[in-house]
Every structure is written in C-alpha cells, then in structure tokens.
Amino acid sequence: MNDKSTENAAHGGAFGLGEPNTAYAQYFVGSSYLKPLTDPRETVFIANVTFEPACRNNWHIHHAASGGGQILICVEGEGWHQEYGKPARSLRVGDVVTIPAGVKHWHGAKADCWFSHLAVEVPGEDCRNEWCEPVSDEQYSAL
C-alpha cells in the first residue's frame, strides 16, 4: 500500500472508507468516498460518505412530492452543514441533521479534518436531487 492508501484506510469511522465517489465527483469540491450500507431496492438507502479535509458537496436540494429529504448521522471527524440563508452548523461525531425536502443545503469536512456521515434517504414520493452551484472557496474559507 502506498502512503495515501494507508492514510485513507484509517478513515470512514466504524463503517469503513468505501470507494472513491466517482459517480458524483462532479458535484463535490475535493475527494469523497462512498460505502453503501443498504440496498435501496430492498429498504431505505443508507450510505457512509467520507470527505477528505476541505471536501464539500455542492449546494443541492432533495425534492419530493411528499415525504423525502435526508438525515445525516455524523460518525467520524468534524464537518459542516449549511442551509441556504442560514449560518453554517459545526458537526461532530454523534450529531444528527434532519434536512426536509425542498431545503437547499450543503455538507462536508472542515478544512483540517476528515469527516464521515451516514446519509439516510428519507422515503417519499417522486424523490429526486437537484444539484446546484459549488460552495465557493470564499464562502467556505469564511467559516
């Protein structure tokens, strides 16, 4: 294993790091990793998402005709969550964030720390994600 592989293996919390999140890389600033924990065809989808330091996803909205949204359960490191128009919230292991459908938001790691959360897709009707603009370096560095 090279040094980077060894370093990465130490992250992801109790659920492990997972694989590079290449399918959604275009919606992230920095590198993230994804480890699905359940099969969405069988039950509620839960995945462990790990962010390298300073990695964050773009602003996005979980839409649903009814129900829907997302729950984040922090399992490693420290991160941020911010709803559009509100101050960012500092996140630590054990914190839980409930994000209703229709709320524009982002989440990711603090600048100097790895961060992992379980992402739980709340069941609903006609659920879909809308990916929006990146969180700018200026917005992020102001935290």
Quiz prompt | Cation-aromatic face contact Arg56/Phe28, 6.0 Å, 45 degrees | solution =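 Not flagged: Arg56 not positioned over aromatic ring of Phe28.
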
Quiz item: Hey, which of Ile71, Ile61, Leu72 is the one that makes side-chain contact (heavy atoms from CB on, under 4.5 Å) with Ile99?
Solution: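 Result: among Ile71, Ile61, Leu72, Leu72 is the only option passing the side-chain contact (heavy atoms from CB on, under 4.5 Å) with Ile99.
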
Taking C-beta and beyond as the side chain, do [X] and [Y] meet within less than 4.5 Å on heavy atoms?
| X | Y | result |
| --- | --- | --- |
| Thr50 | Trp114 | yes |
| Val120 | Phe45 | no |
| Tyr140 | Trp80 | yes |
| Phe115 | Glu52 | no |
| Cys132 | Lys104 | yes |
| Asn57 | His107 | yes |
| Cys113 | Pro53 | no |
| His11 | Tyr33 | no |

Quiz item: Would Ser31 and Cys55 count as a side-chain contact (heavy atoms from CB on, under 4.5 Å) if you check the C-alpha gap in whole Å, the side-chain angles of each, and the deciding distance to 0.1 Å?
Solution: CA-CA 6 Å; Ser31 295; Cys55 176; 5.6 Å; no

Quiz prompt | Heavy atoms from other residues, nucleotides or ligands near CD of Glu133 exceed 12 (cutoff 6.0 Å) | solution =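 For Glu133, atom CD is crowded (more than 12 foreign heavy atoms under 6.0 Å).
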
Quiz item: Do other residues, nucleotides or ligands put more than 12 heavy atoms under 6.0 Å from the CZ atom of Arg92?
Solution: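 Incorrect, the count does not exceed 12.
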
Practice problem: Could you give me the CA-CA distance, side-chain angles and deciding distance for Arg89 and Asp95, then say whether side-chain contact (heavy atoms from CB on, under 4.5 Å) is met? | Solution: CA-CA 10 Å; Arg89 175 183 170 190; Asp95 287 343; 3.9 Å; yes

Quiz item: Is a donor on one side and an acceptor on the other found under 3.5 Å between the side chain of Asn48 and the backbone of Gly12?
Solution: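 Yes.
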
Exercise. Give a yes or no answer on whether the side chain of Gln139 reaches the backbone of Ser136 with a donor-acceptor pair at less than 3.5 Å.
Key: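 Such a contact is found between Gln139 side chain and Ser136 backbone.
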
Starting at [atom1] of [X], measure out to [atom2] of [Y] and round the result to the nearest 0.5 Å.
| X | Y | atom1 | atom2 | answer |
| --- | --- | --- | --- | --- |
| Ser66 | Asp126 | OG | CG | 7.5 Å |
| Ile46 | Asp39 | CD1 | CG | 12.0 Å |
| Gln70 | Leu118 | CD | CG | 11.0 Å |

Quiz item: Any side-chain donor paired with an acceptor under 3.5 Å for Lys35 and Ser116?
Solution: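 No, no side-chain donor-acceptor contact under 3.5 Å.
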
Quiz item: Which class fits the ring pair His117 and Phe51: parallel under 30°, tilted 30 to 60°, perpendicular over 60°?
Solution: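 Tilted.
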
Quiz item: Passes side-chain contact (heavy atoms from CB on, under 4.5 Å), Asn58 versus Trp131? Steps please.
Solution: CA-CA 7 Å; Asn58 289 6; Trp131 289 98; 4.1 Å; yes

Self-check item: Member of His81, His60, Lys86 meeting the side-chain hydrogen bond (donor to acceptor under 3.5 Å, both in side chains) criterion with His105
Solution: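 Option passing the side-chain hydrogen bond (donor to acceptor under 3.5 Å, both in side chains) with His105: His60.
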
Quiz item: Between Val75 and Val93, is a side-chain contact (heavy atoms from CB on, under 4.5 Å) present by the stated rule, with each step listed?
Solution: CA-CA 5 Å; Val75 297; Val93 173; 5.7 Å; no

Would you say [X] and [Y] are hydrophobically clustered, going by side-chain heavy atoms of ILVMFWY under 4.5 Å?
| X | Y | result |
| --- | --- | --- |
| Tyr27 | Val49 | yes |
| Val44 | Val122 | yes |
| Ile73 | Leu37 | yes |

